[in-house]
> 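Mind looking over this structure? Questions follow.
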Amino acid sequence: MIAENVKRILAELPQGVELEAAAKTRSAEEIEEAIAAGVKIIGENYMKDMKRVYPEVKLKARWHFIGSPKTQKHDLLKIKYLKAFDMIETVDSFEVAQAISEKCARIPKIMPILIEVNSGREPQKSGVMPEEVEDLAKKISSLKNVKLMGLMTMGPRFGNPEDSRPYFKQTKQIFERIKSLQLPNVEMKYLSMGMTNSYKVAIEEGANLVRIGTKIFGERR
Ligand SMILES: *Cc1c(COP(=O)(O)O)cnc(C)c1O
């Protein structure tokens, strides 16, 4: 089932759009099935999931952190997990970026990061407010051991994916604006937006990295 789902999604994704399997709560076996079927990027929200599955998954993949860094700093900033992750998509403050950079200097490694935008301005959601992204990008560009490579957003959850469009559109505008600044040490390459319900609209609005969970693995238990 997982393999069929992955193949169906991969077949329909336009050129240049990468599939990330959002793997929270899933087992190492489920993740391996997705990788075997062609998934190249695994996204994890929770360090407790990462600790459980990362040592078990033997097939090669790129691992992205897509959870809240603030509440999981203690584990995320361990050297072994900074080595394990290929990208941190959810940077939402200079302090977090600085802490990642300082720890990565010890490996040494330059961690690719995205800034998470709270495009829906939802108080309960993480991410920086749209008008604060540019300033944060400028500050991050001075850090030696992280490299800003784009933006990520969730956007509010809607039944109708069309309702997500304005939030994706706005995030794309911020992405293009920052790209046009040509900041040193910044390469605006990834726009991570869209989930099971909304990824088609997100791609229409410029996403080139889509984070899909349910449509790959089925309903979460
Ligand atoms: C769970 C999750 C997804 C995928 O959600 P689905 O609706 O299951 O596709 C994508 N991004 C993040 C940050 C998530 O937590």
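First listed ligand is number 1; within each ligand, the first listed atom is number 1. Predicted model, so just to flag it, every value in this text is computed and none were measured.
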> Counting non-hydrogen protein atoms only, what is the nearest one to atom 11 (N) of ligand 1? Give residue, atom name and distance.
Arg211 NE, 2.9 Å
> Strictly below 4.0 Å, N to O, side chains only: are Arg121 and Glu131 in salt-bridge contact?
yes
> Under 4.0 Å from a heavy atom of Ile212: give me the atoms of ligand 1 that qualify, with their elements.
9 (O)
> State whether Glu4 and Lys7 are salt-bridged, where the test is any N-O pair (Lys NZ or Arg NE/NH1/NH2 against Asp/Glu carboxylate O) under 4.0 Å.
no
> Any heavy atom of Arg157 sitting closer than 4.0 Å to ligand 1?
yes
> Would you check whether Asn197 has a nitrogen or oxygen atom less than 3.5 angstrom from a nitrogen or oxygen atom of ligand 1?
no
> Any salt bridge linking Glu205 with Arg165? Criterion: basic side-chain nitrogen under 4.0 Å from a carboxylate oxygen.
yes
> Between the main-chain N or O of Gly67 and the side-chain N or O of Thr90, is there a donor-acceptor pair closer than 3.5 Å?
yes
> What protein heavy atom sits nearest atom 8 (O) of ligand 1, and how far off is it?
Thr214 OG1, 2.6 Å
> Starting from atom 10 (C) of ligand 1, find the nearest protein heavy-atom neighbour and note its residue, name and distance.
Met195 SD, 3.1 Å
> Answer with side chain, backbone, both or neither: which part of Asn45 has a heavy atom less than 4.0 angstrom from an atom of ligand 1?
side chain
> When you compare the side chain of Tyr46 with that of Thr25, does any pair of heavy atoms fall below 4.5 Å?
no
> For the pair Lys40 and Glu20, find out whether any cationic side-chain nitrogen is under 4.0 Å from an anionic carboxylate oxygen.
no
> Between the side chains of Glu32 and Lys58, is the shortest nitrogen-to-carboxylate-oxygen separation below 4.0 Å, so that they form an ion pair?
no
> Of all the heavy atoms in Arg220, does at least one lie under 4.0 Å from an atom in ligand 1?
yes
> Does any N/O atom on Ile66 come nearer than 3.5 Å to any N/O atom on ligand 1?
no
> Heavy atom to atom 13 (C) of ligand 1, shortest distance: which of Lys24, Met154, His64, Glu20 holds it?
Met154
> What is the closest protein heavy atom to atom 9 (O) of ligand 1, and at what distance does it sit?
Thr196 OG1, 2.5 Å
> So, are Glu134 and Lys138 salt-bridged, with charged N and O less than 4.0 Å apart?
yes
